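Given the structure is predicted, the values throughout are model-derived calculations rather than measurements.
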Amino acid sequence: MMSMMEFPQPATIQEAIAIQQQLQRQVRIYDDFATLLRIGAVDVSYSKKTNHAYATYAIFRLPALTLEAVYRHSAEVTFPYVPGLLSFREIPVLLPIFQRGAPLPDLLLVDGQGIAHPRFFGIAAHLGIVLNVPAIGCAKSRLVGVHKPVGVIRGSYQWLFYKHRIVGAVLRSRTKVRPLYISPGHRVSIPTAVQLVQRWISRTRLPDPIRFVDQQTRRYRQQLEA
DNA sequence: GCGACAG
DNA sequence: ATCTTGTCGC
């Protein structure tokens, strides 16, 4: 068993896939968390000119989603973008924030897939395992899976199927906007994941915590590149 | 072999 | 993801 918050850097695609297959066995897709007092959200932004990446982690206090703290970190990109291997590109940028002592949330929202992934191990699942924290993947587009047409009204959703399993839901977060792809990362069930994400959507397509870290990460990058 | 393909 | 402003539509 690997110690907490370690992150092996695969040298090849084959190696990365092997790591995913191994760690996926630890994923738990049922509700396993106590009262939600604080939720967190993470995001990573990239520079087109340099090979730097910028990460943001924000933590909010419930029930009003009051911003409690924002943490940042930037680092060189060490892994290319390969569909299905996103976590090996982004987690090395995010992890130092937690290794330095940022408080873990009761639940983490991640911009990307949870188990709606070729090997059922998207970045939300990977982060959930590495940090041992309940996590939900909230992606803006599809990686894998099929689903029936989603109603155009806010709140409509359809289950997302992949390899004969329900791996998540496709949710119309706002009327007439492209749907979101919600899937559990770790220690959360699919129905709960959908319910929680809906709870934190106010007036935009993305849930507020993710939208916040999204823009914070961009500002952070622009500031450091200026 | 041909497309699809999170961020 | 990033490069980029205003603009059409609900």
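- The listed nucleotides are dC10(C), dT2(C), dC5(B); the one nearest the side chain of Pro83(A) is dC5(B).
- Straight-line distance from the CZ atom of Arg178(A) to the P atom of dG7(B): 9 Å, rounded to whole Å.
- Put simply, OH on Tyr220(A) is 17 Å from C1' on dA1(C), counting in whole angstrom units.
- An OP1 or OP2 oxygen of dG7(B) is reached within less than 4.0 angstrom by a side-chain nitrogen or oxygen of Ser141(A).
- Aromatic ring centres of Phe60(A) and Phe212(A) lie closer together than 6.0 Å.
- Within 4.0 Å of Ser45(A), counting heavy atoms only, lie sugar-phosphate atoms of the nucleic acid but no base atom.
- The shortest non-hydrogen separation linking Thr204(A) to Ile201(A) is O-CG2, 3.5 Å.
- Minimum interatomic distance between Tyr57(A) and Pro105(A) (heavy atoms only, all atoms of both residues): OH-CD, 3.2 Å.
- Atom CG in Asp111(A) sits about 10 Å away from atom P in dT2(C), given to the nearest Å.
- One interatomic measurement links the two molecules: CD of Gln20(A) to C1' of dA6(B), which rounds to 12 Å at whole-angstrom precision.
- Side-chain contact between Leu36(A) and Leu196(A) is present, with heavy atoms from C-beta onward closer than 4.5 Å.
- Between Tyr181(A) atom OH and dA6(B) atom P there is a gap of 11 Å when expressed in whole angstrom units.
- Nucleic acid contact for Gly84(A): base, since at least one base atom lies under 4.0 Å from a heavy atom of the residue.
- Atom CD1 of Ile123(A) and atom C1' of dC5(B) are 16 Å apart (whole Å).
- The interatomic distance linking Lys176(A) (NZ) with dC10(C) (P) rounds to 7 Å, in whole Å.
- Within the 4.0 angstrom heavy-atom criterion, no nucleotide atom of any strand lies near Ile91(A).
- Residue Arg142(A) has no polar side-chain atom (N or O) positioned under 4.0 Å from OP1 or OP2 of dA6(B).
- As judged by a 4.0 angstrom heavy-atom cut-off over every strand, Lys140(A) is placed among residues touching the sugar-phosphate backbone only.
- The aromatic ring of Tyr46(A) does not sit over the base of dG7(B); the criterion of centres under 5.5 Å apart with planes under 30° is not met.
- Among the nucleotides dG7(B), dC3(C), dC5(B), the one closest to any side-chain atom of Arg89(A) is dG7(B).
- At whole-Å resolution of the value, CZ in Arg219(A) and P in dT2(C) are 13 Å apart.
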Working for salt bridge (charged side-chain N to carboxylate O under 4.0 Å, His left out), residues Arg218(A) and Asp43(A): CA-CA 10 Å; Arg218(A) 264 172 233 173; Asp43(A) 188 44; over 6 Å; no
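- When heavy atoms are screened at a 4.0 angstrom cut-off, Arg221(A) is found touching the sugar-phosphate backbone but no base atom.
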